[in-house]
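Just so we're on the same page: letters track the sequence lines, and every chain starts at 1.
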Amino acid sequence: MDEETVERVREVVAAIPPGQTLSYGEVAARAGLRSPRLVGRILAEDGHDLPWHRVLRADGTCAPHIAAEQSARLRAEGVLLVGGRLPAERRRRG
DNA sequence: GCCATGACAGGAG
DNA sequence: GCTCCTGCCATGG
């Protein structure tokens with residue numbers, strides 16, 4: 001894992017404005033990664049200081065492990081998850 | 001070196 | 001709507 005790659009992802013995630021969200025794929029694309037899974041790995045290891053809760057899956061849903069935290073943090077920013085997923089209008093395309 | 005797993009994505013059935 | 005398969009990269013047994 002290149003530190004530069006990690007920094008890229010960290011910057012992209014940190015650049016997500018409150019109330020907005022990005023998909024793992026979008027973050028990966030912005031960070032220059034060839035796989036969104038790397039985003040998940042990086043966030044899991046070095047994303048504890050980042051607003052990782054603003055990163056969701058392509059469907060607008062979130063992983064079961066973090067679903068509770070995800071929804072709670074987003075709700076604190078004024079984002080409501082409907083049916084366990086985020087409305088498409090809240091998702092930033094870039 | 002091979003296989004399995006993970007905060008994923010897209011396509012097919 | 002859900003499940004299964006494949007591609008992607010890194011890590012651990």
Side-chain angles (χ1 to χ4, degrees):
Chain A
M1 184 75 69
D2 296 303
E3 289 185 30
E4 194 174 316
T5 302
V6 178
E7 283 299 308
R8 277 287 179 220
V9 175
R10 288 175 58 83
E11 282 185 31
V12 173
V13 176
I16 305 175
Q20 297 286 345
T21 67
L22 230 57
S23 67
Y24 289 93
E26 278 296 325
V27 175
R30 290 185 178 207
L33 294 183
R34 284 80 65 189
S35 176
R37 304 196 70 154
L38 272 301
V39 178
R41 280 192 59 80
I42 293 171
L43 290 183
E45 296 183 0
D46 299 286
H48 50 81
D49 276 42
L50 298 168
W52 54 268
H53 56 272
R54 294 178 195 150
V55 184
L56 324 185
R57 299 213 267 194
D59 312 86
T61 60
C62 44
H65 314 272
I66 61 176
E69 194 70 13
Q70 171 84 37
S71 56
R73 286 178 180 246
L74 286 179
R75 185 154 38 88
E77 294 186 352
V79 182
L80 239 323
L81 271 67
V82 182
R85 81 183 59 184
L86 188 77
E89 39 197 63
R90 284 288 186 182
R91 301 180 214 155
R92 278 268 177 176
R93 280 171 298 177

Do any pairs count as a salt bridge (Lys or Arg N to Asp or Glu O under 4.0 Å) and have a residue in residues 48-57 of chain A, sequence neighbours left out, and if so which ones?
-> Arg54(A)-Glu77(A)
Contacts of type side-chain contact (heavy atoms from CB on, under 4.5 Å), residue [X], not counting sequence neighbours:
X: Ser35(A); result: Arg37(A), Leu38(A)
X: Arg75(A); result: Ala72(A), Leu80(A)
X: Arg73(A); result: Trp52(A), His53(A), Glu69(A)
X: Ala29(A); result: none

Expected list for residues 64-79 of chain A near DNA chain B, using heavy atoms below 4.0 Å, is His65(A), Ile66(A)
Can you name the closest pair of heavy atoms from Pro36(A) and Ala28(A) and give their distance?
->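 Reported closest heavy-atom pair: CA-CB, 3.7 Å.
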Which residues share a salt bridge (charged side-chain N to carboxylate O under 4.0 Å, His left out) with Glu4(A), sequence neighbours left out | none
Spacing of CD belonging to Gln20(A) relative to CG belonging to Leu74(A), to within rounding of 0.5 Å = 11.0 Å
Spacing of Asp59(A) atom CG and Arg91(A) atom CZ [to the nearest 0.5 Å] =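 Nearest 0.5 Å value for the CG-CZ distance: 7.0 Å.
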Interface with DNA chain C, restricted to residues 31-63 of chain A and to heavy atoms under 4.0 Å = Arg34(A), Ser35(A), Arg37(A), Leu38(A), Arg41(A)
Range on DNA chain B touched by chain A - first to last nucleotide, heavy-atom distance under 4.0 Å | dG6(B) to dG10(B)
What residues form a side chain to side chain donor-acceptor pair (under 3.5 Å) with Glu45(A), not counting sequence neighbours?
-> Arg41(A)
Using side chain to side chain donor-acceptor pair (under 3.5 Å) as the criterion, list what pairs up with Arg10(A), not counting sequence neighbours.
->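 Once residues adjacent in sequence are excluded, Arg10(A) has no partner under the side chain to side chain donor-acceptor pair (under 3.5 Å) criterion.
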Should Val79(A) and Ile66(A) be regarded as members of a common hydrophobic cluster, given that ILVMFWY residues are connected when their side-chain heavy atoms come within less than 4.5 Å of each other, either directly or indirectly?
-> no
Can you pull the contact range of chain A along DNA chain C, 5' to 3', using atoms under 4.0 angstrom from its heavy atoms?
->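 The footprint of chain A covers dG1(C) to dT11(C).
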